[in-house]
A.B. asks: 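Could you have a look at this structure, given as structure tokens, before my questions?
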Amino acid sequence: MRRHLKLLDFALASLRRRPLKSWGLVVVYAFTVAVVASVLLLTRAIREEAAQILVAAPELTVQRVVGGRHEPIPLSYGDAIRGLPGVMGVEARFWGYTYDAVTDSTITVMGASEGLQGLEMIEGRLPTTATECAVGAGVAEMWGAGTGGEVILVDAESTGVPYEVVGVFRAPSEMLTNDLVTMTSVEAAVFLGLPDGTATDLAVRIANPNEVDTVAAKIKRAHPDSRPITRSEVLRTYDAVFHWRSGMMLAVFSGALVAFAILAWDKATGLSAEERREIGILKAIGWDTADVLELKVWEGLTISLTSLMLGLIAAMVHVFVLGAPLLVPVLRGWSVLFPELRPAPFVDPYMLFAIAFLTVVPYVAATVAPSWKAAITDPDEVVRG
Amino acid sequence: MILHAGVLGLLVGGTVIVALMLFGSLVGVRILRTWNPMSTSEEQLILERQTYLVSVLVAVALWIEIGSALLFIHTVDDLHELFVGAMCATGTLNANPVGWWVLAAKGAIVLLFPIWLAVNGLDQRSGSFPLVRLKYGLLLVLTPLAVADLSLQIAYFGGLQPDIITSCCGALFSESSDTVTGDLAAIPAVLAFPVFLAVSLLFLAAVGWARVSPRPISRIIAAVLSPVTLAVGVVAVISFVSVAYYELPTHHCPFDLFQSGSAFVGYPLMFSLVAAVVLAAMPGALLMVTQHPALRDVAAGSERRWLTGAAAAFTIFLVVAIWPLVFGNLAWESM
């Protein structure tokens with residue numbers, strides 16, 4: 001044990017003697033770790049945000065599909081679904097998008113009563129008349145419109161319609177409400193230009209989660225032009241999409257990983273005359289090849305662990321403190337009104353392991369042969385020059 | 001193909017392992033062909049130096065492989081969320097049955113690699129390299145295994161489609177299931193536990209005897225008992241250890257033990273069992289090697305360390321396996 005500690009001590013001293021080379025490698029190594037770790041930390045944060053949104057989502061959403069496209073669904077479908085055993089309730093939802101040219105952003109418009117259980121009013125109340133609306137915190141901030149103010153939204157007929165803001169709200173997940181404007185259901189249907197007697201989709205509440213698939217199958221049988229989407233399907237799709245996006249980013253980044261491995265190989269191969277003399281003298285005074293190899297392993301481990309730590313700290317600052325400004329547009333999609341992401345900091349051993357596999361393993365593989373090459377240095381050859 | 005950080009990590013790790021092993025094998029073949037310990041030529045000196053390189057390459061590959069085995073288990077567990085019907089690693093493995101072969105390949109490598117490292121360690125410490133031919137012969141067996149492991153992983157992850165509806169542990173490890181795993185799950189604890197305890201005590205006694213006695217028969221008994229102990233240990237985990245941890249009489253899945261809900265207890269449980277049986281089998285499996293006159297002294301010290309390690313690892317396994325039976329809430333009759 002003492003022998004290993006002495007070798008570690010020697011390795012640290014050896015790294016300190018060449019600060020420029022050691023720190024140069026650590027900086028590049030830590031940067032590589034930071035990029036990989038940022039992608040993984042951010043993906044995990046977005047997946048959790050998405051899961052949180054869906055906690056309050058209905059067990060089943062029913063849409064109507066015509067020619068492969070999403071079309072408004074007749075309210076009569078809801079009446080039929082309400083009669084199915086196991087269904088607790090059906091709510092017609094009226095929602096859609098409107099573009100605000102002034103702020104160059106897309107706003108989500110929604111009927112106020114449905115699917116909005118998670119909302120917390122910061123001030124005011126939800127709208128009750130056709131001329132009123134309530135806005136999400138992000139919209140309120142962008143327009144500078146608080147309670148008592150007025151906003152103008154462009155409806156389906158491209159006419160600007162004024163609404164009085166009667167409340168501002170937020171939800172546990174900002175992603176859900178940041179770009180949201182709510183109005184009464186009747187007004188939302190008129191504003192969005194939905195034909196009479198139709199809704200955007202139907203939210204179906206089912207008491208027993210085990211019955212969701214059965215109810216979905218019954219709805220599909222009764223209305224072949226409907227598309228029932230279960231909450232678990234949405235969750236799985238989100239998971240798959242974000243895994244795919246982070247995987248794509250890492251795959252794109254693999255070129256940089258290879259470049260890093262080549263740099264590590266180059267640094268490890270290019271022994272200076274001084275280093276070669278050092279190893280030669282060590283061997284001349286009795287060190288054998290295994291000792292020098294162990295010394296090189298300790299040096300590699302020190303550099304790896306230092307870089308891993310620094311890279312992880314940098315990634316955590318990037319994601320948890322700064323809100324991942326460099327990666328958010330790629331991983332999450334893009335929109336003017338996306339909320340700021342402030343995920344709770346966490347450390348997951350599995351993630352650390354995956355990061356180590358993606359960065360430390362290529363480094364070790366790239367440096368093992370050069371380390372051996374250094375270790376078999378012939379003292380006689382080196383000392384004589 | 002599912003692009004997931006764990007999957008990419010496994011493929012990067014697998015590629016590195018194969019690269020290291022192929023490079024090691026190439027050097028190994030050259031050493032096998034031209035090795036002559038009597039020679040004092042420059043070529044022989046170069047070959048002797050290259051043995052160090054191969055040792056490091058294989059040692060690094062082994063450590064990456066052990067990490068890869070851990071990462072594989074956790075990754076397939078993590079991926080279960082993407083599959084309808086999957087609740088743990090079993091569902092993900094069933095989603096493309098090649099996964100079970102990956103698990104088998106990883107198991108074989110984790111069991112065989114330490115034997116190579118032990119042979120290599122003895123060889124290098126002896127100073128005269130008496131085992132060179134044996135170890136490079138073994139390396140030529142291990143390398144195809146590493147290649148098979150990577151190929152199977154590519155086939156497995158490449159064949160995983162998120163729209164597959166899979167069956168999970170509830171079906172595979174059900175007492176009423178008409179499979180080997182179902183039969184194992186159906187063994188009642190009152191029958192399995194005494195057998196498990198008897199085999200465990202026998203195994204510990206054999207390891208203890210081999211540790212204090214230099215007689216070859218003690219090592220052979222420990223080596224023969226090792227696979228038996230591994231099999232009985234796995235049966236015990238499926239039959240009653242898992243049930244006791246879940247406190248659910250009908251749930252026998254060993255893979256749920258690797259989840260956070262079970263405090264990841266599957267990792268110390270299974271890895272201590274594997275470490276114990278590998279270390280205990282080593283002195284017996286290498287009996288022909290350790291009896292070599294040039295190695296007898298070096299081997300004696302190594303054998304003592306292996307057997308002490310085996311006893312320590314198996315004690316950890318026993319404590320983790322028996323803990324929920326003593327301190328858990330599930331009544332014996334219900335297991």
Side-chain angles (χ1 to χ4, degrees), chain A residues 36-37 39-40 43-44 47 51 213 230 232-233 235-251 253-254 257 261 288-290 292-294 296-297 300 348-351 353-369 371-373 375-378, chain B residues 1-20 23-24 27 45-46 48-61 63-64 67-68 70-75 77-86 121 124-125 127 161-163 165 260 264 267:
Chain A
V36 173
V39 172
L40 296 183
T43 310
R44 162 90 176 256
R47 278 171 59 206
D213 290 337
T230 65
S232 64
E233 264 174 5
L235 257 178
R236 262 200 312 282
T237 309
Y238 267 120
D239 263 359
V241 165
F242 289 125
H243 275 314
W244 184 84
R245 281 190 184 178
S246 80
M248 271 312 275
M249 282 216 65
L250 292 177
F253 185 65
S254 61
L257 269 181
D288 64 18
T289 304
V292 182
L293 260 177
E294 190 177 334
K296 288 282 159 196
V297 168
D348 179 1
Y350 169 61
M351 199 175 285
F353 211 56
I355 293 166
F357 248 77
L358 286 165
T359 53
V360 177
V361 165
Y363 173 78
V364 170
T367 51
V368 63
S371 299
W372 165 79
K373 193 90 179 153
I376 58 159
T377 304
D378 197 349
Chain B
M1 168 72 108
I2 291 171
L3 280 175
H4 177 281
V7 174
L8 294 174
L10 282 166
L11 296 181
V12 168
T15 310
V16 166
I17 291 169
V18 167
L20 294 175
F23 188 43
V27 178
L45 180 66
I46 292 170
E48 282 181 17
R49 285 172 172 174
Q50 286 185 337
T51 59
Y52 284 104
L53 172 63
V54 179
S55 312
V56 180
L57 291 176
V58 180
V60 169
W63 284 109
I64 299 175
S68 169
L70 289 167
L71 188 64
F72 180 75
I73 292 175
H74 204 110
T75 300
D77 183 54
D78 199 52
L79 285 176
H80 80 261
E81 290 169 8
L82 301 179
F83 299 97
V84 181
Q124 285 191 332
R125 275 203 298 279
Q161 298 299 337
D163 53 356
I165 297 178
S260 58
F264 304 110
Y267 292 100

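Treat the numbers as computed from the prediction; the structure is a model and nothing was measured. Convention: sequence-line order gives letters A, B, ...; per-chain numbering from 1. Because only heavy atoms are used, hydrogens play no part in the values below, and waters and symmetry mates are left out as well, while side chains stay in.
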A.B. asks: Answer yes or no: does atom OH of Tyr267(B) have more than 12 heavy-atom neighbours from other residues, nucleotides or ligands under 6.0 Å?
C.D. replies: yes

A.B. asks: For Ser55(B), is it the side chain, the backbone, both or neither that has a heavy atom under 4.5 Å from a heavy atom of chain A?
C.D. replies: neither

A.B. asks: Does any backbone or side-chain atom of Ser68(B) lie under 4.5 Å from a heavy atom of chain A? Answer side chain, backbone, both or neither.
C.D. replies: both

A.B. asks: Partners of Arg49(B) by side-chain hydrogen bond (donor to acceptor under 3.5 Å, both in side chains), sequence neighbours excluded?
C.D. replies: none

A.B. asks: Among the options Asp78(B), Leu57(B), Leu20(B), pick out the one with the most heavy-atom pairs lying under 4.5 Å from chain A.
C.D. replies: Asp78(B)

A.B. asks: Considering only heavy atoms and a distance below 4.5 Å, find which of Gly6(B), Gly67(B), Gly13(B) pairs most often with chain A.
C.D. replies: Gly67(B)

A.B. asks: Can you give me the closest heavy-atom contact between Phe23(B) and Leu53(B), atom names plus distance?
C.D. replies: CE2-CD2, 4.0 Å

A.B. asks: Taking side-chain hydrogen bond (donor to acceptor under 3.5 Å, both in side chains) as the definition, give me every residue that meets it alongside Tyr52(B), ordered by chain and number, with sequence neighbours left out.
C.D. replies: none

A.B. asks: Side chain, backbone, both or neither: which part of Gln50(B) has a non-hydrogen atom closer than 4.5 Å to chain A?
C.D. replies: both

A.B. asks: Let me know if Leu40(A) has heavy atoms under 4.5 Å from chain B in its side chain, its backbone, both or neither.
C.D. replies: side chain

A.B. asks: Within the distance-only criterion (no hydrogens, no angle test), does the side chain of Thr367(A) pair as donor or acceptor with the backbone N or O of Tyr363(A) below 3.5 angstrom?
C.D. replies: yes

A.B. asks: Can you tell me which portion of Ala290(A) sits under 4.5 Å from chain B's heavy atoms? Options are side chain, backbone, both or neither.
C.D. replies: both

